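Everything below concerns the one structure shown next.
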2 protein chains.
Amino acid sequence: MIRIGILGYGNLGRGVEIAVNKNKDMELVAIFTRRNPEDLKTVYNTKVCSVNNILDYKDQIDVLILCGGSANDLPVQTPEYAKYFNVVDSFDTHKRIPEHFANVDKAAKESNHIGIISVGWDPGMFSVSRIYADSILPNGTTYTFWGPGVSQGHSDAIRRIEGVKDARQYTIPIEKALETVRKGECPNYSVGEKHTRDCYVVVEEGADKARIEREIKTMPNYFDEYETTVNFITEEELKKNHNKIPHGGIVIRNGKTGVNDENIHTVEYKLKLDSNPEFTSSILVAFARAIYKMRNEGRTGCLTVFDVPPAYLSTKSGDELLHEML
Amino acid sequence: MIRIGILGYGNLGRGVEIAVNKNKDMELVAIFTRRNPEDLKTVYNTKVCSVNNILDYKDQIDVLILCGGSANDLPVQTPEYAKYFNVVDSFDTHKRIPEHFANVDKAAKESNHIGIISVGWDPGMFSVSRIYADSILPNGTTYTFWGPGVSQGHSDAIRRIEGVKDARQYTIPIEKALETVRKGECPNYSVGEKHTRDCYVVVEEGADKARIEREIKTMPNYFDEYETTVNFITEEELKKNHNKIPHGGIVIRNGKTGVNDENIHTVEYKLKLDSNPEFTSSILVAFARAIYKMRNEGRTGCLTVFDVPPAYLSTKSGDELLHEML
């Protein structure tokens, strides 16, 4: 049995708790939290401990899955806990990945652990999809479409506007752009030419809707480059119709082969997810299995999804893989 | 530079010749053939040698790419040449993979080489897609659809019927079945419920078309379980409209997560290929790069696509991958 620990218990930590429970080669030792452990309501009767006692579990946990946020938690936590545990995180601030990698690599190498970072679907499975397609078809163009799905960051940005009580933002791929790319064409698209943004906003009584709509649509980086639709709805409607966290997206590479580049190949990887955090949790758990095996073979340092042979993710033996999966 | 050799010069060998030429970290040392070398017309001015002299090139080739057929060539060639070279093949007889693996593994281990087998898109990239999705979503069902595309085996089977001059068979996924699966449903489908077969047949003068059509539609294993359409056309039409070798297919896994399996996730990997052999060749070349690197790190024996970390397929450095690809 692979002994798992979870640090942080939001949507992601809860998803990991469920996923570990459904993987028969794993057991969940404990959930660690910064909150008062008694205040945590877990899904199963999982042991909950204060993060202050986490080092007591140093020898009882094979892989610690870090379920904090990329903005403030993971840049500190992953290098810190890589000193004591094999760790997995879903760090998703693309620009800061090289710096984060270096920090985790140093800590993990010095302490003989493995840390694997940016495990999720983007970065993560989308990156895997990109590297395979790019390596096979070096002469080509890759497109990433996000959605349809809820963007947490954009929803938060709307909530910060004065007069807004709550909001949900959906990122929607533009069907026409998708069609063009699927035909094998290679246009130059900006992000705004690939996606629209639909906002569902609950305002406080008497709030100036026209101003709020204008503030949303002109918000730099978040909305100004996109065709944005703002729908004002009631709190009840938001709770009833927008209580899920679906997401998804598509990576497409169009590549040419042949003496005169006369043949076009389209490789498409598509995700349609009912629950963004539960799918990400499932990925974290599969990669926890992989690094457990790789550590047992002597590997240390920081890894990414690019460094893991697919076989290590599976519970199946080499023989079973040859018979059933190849 | 990675020094590549090619054994066998049909559509696949020709595709490898072109692909190596377009990958800047590789050079093509020679093409080896059982035919008279002077009779071979290659794409570039590649050196052509008789297979009888191949062992003279033992120290001049880093990876030998085997481009023979799975029925008769590869079961013999791959274990044989793994004694002298690092080898890559596209062995695709699913049932015989474990036996082939064992033979190649023994030869490669004894001689300190790497052999990687069943490198293509199915087996190959479809297998990779299956193992990732299965490992991430252990509670689910996987579907493989083939086509639309030319099935060489089925075209050959039609050609063996008396009175048939030439034929082309297209395997077509049934759109309705595909739609059902894409919705997240998990029906039990037979292959015949997922695909139809369209045949374009040129007959000899005076041949009995009704008999030929009946023989095609009732042919065991090949056609009897499928809805099959037979179109009789002229030789000119065949040459004009059916001279390409397109193919493709789709792997979909629907998996459930959540306490009560209430969330469904759909992972789809789709290929649309103008040229089946050129795409397969491109995969062979990327995996040739990977085993070259792995051999330099001391690895030996037989591998499959499951054993190769994605990073090894790429020409990019670890740093470039972190910055550009993750």
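Computed from a predicted structure; not experimentally measured. Chain letters run A, B, ... following the sequence lines, proteins first and then strands; every chain starts at 1. Scope of the values below: all heavy atoms of this structure, side chains included, with no hydrogens, waters or symmetry mates.
- With a 4.5 angstrom heavy-atom cutoff, B:R289 touches chain A only via side-chain atoms.
- For B:I18, the part lying under 4.5 angstrom from a heavy atom of chain A is the side chain only.
- The contact between A:D122 and chain B is made entirely by side chain atoms (from C-beta outward), counting heavy-atom distances below 4.5 Å.
- Of the listed residues A:Y132, A:F287, A:Y269, A:Y44, the one with more heavy-atom pairs under 4.5 angstrom with chain B than any other is A:Y132.
- Using a 4.5 Å heavy-atom threshold, the side chains of B:V267 and A:K270 count as separate.
- B:P138 has its side chain within reach of A:N23: a pair of non-hydrogen atoms, C-beta onward, lies under 4.5 Å apart.
- Side-chain contact between B:T266 and A:L271: absent, with no pair of heavy atoms (C-beta onward) separated by less than 4.5 Å.
- For A:K24, no part sits under 4.5 Å from any heavy atom of chain B, backbone or side chain.
- Looking at A:F126, neither its backbone nor its side chain comes within 4.5 Å of chain B, counting heavy atoms on both sides.
- At least one side-chain heavy atom of A:V259 sits under 4.5 Å from a side-chain heavy atom of B:R14.
- Proximity to chain A (any heavy atom under 4.5 Å) is restricted, for B:K244, to the side chain, taken from C-beta onward.
- Using a 4.5 Å cut-off on side-chain heavy atoms (C-beta onward), B:D261 and A:K22 make contact.
- Using a 4.5 Å cut-off between heavy atoms, A:N254 makes no contact with chain B at all.
- Closest non-hydrogen pair, B:A286 versus A:S135, comes out as CB-O, 3.9 Å.
- The heavy-atom pair separating B:K272 from A:K183 by the smallest distance is NZ-CA, 4.0 Å.
- Here A:D134 is the residue among A:N21, A:D319, A:D134, A:L284 with the most heavy-atom pairs under 4.5 Å with chain B.
- Within the 4.5 angstrom heavy-atom criterion, atoms from both the backbone and the side chain of A:P98 approach chain B.
- Looking at A:L322 and B:T304, their side chains come closer than 4.5 Å, going by heavy atoms from C-beta outward.
- For a residue to count as touching a neighbouring chain, one of its non-hydrogen atoms must lie under 4.5 Å from one of that chain's; by this rule A:F101 touches chain B with the side chain only.
- Between B:D274 and A:H265 the shortest heavy-atom distance is N-ND1, 3.5 Å.
- Note that CD1 of A:I97 is 13.0 Å distant from CE of B:M325, once rounded to the nearest 0.5 Å.
- Proximity to chain A at a heavy-atom threshold of 4.5 Å picks out B:S275, B:E278, B:F279, B:S282 from residues 275-282 of chain B, in numerical order.
- The two residues B:P310 and A:V308 make their nearest non-hydrogen contact at CD-O, 3.4 Å.
- For A:N139, no part lies near chain B; criterion is any non-hydrogen pair under 4.5 Å.
- Rounded to the nearest 0.5 angstrom, A:I250 CD1 and B:E268 CD are separated by 8.5 Å.
- Across all non-hydrogen atoms, the minimal contact from A:L326 to B:P123 is O-CB, 3.3 Å.
- Within the 4.5 angstrom heavy-atom criterion, atoms from both the backbone and the side chain of A:L273 approach chain B.
- Atom CH2 of A:W121 sits about 12.5 Å away from atom CD1 of B:I136, to the nearest 0.5 Å.
- Heavy atoms closer than 4.5 Å to chain B are found nowhere in A:V251, neither backbone nor side chain.
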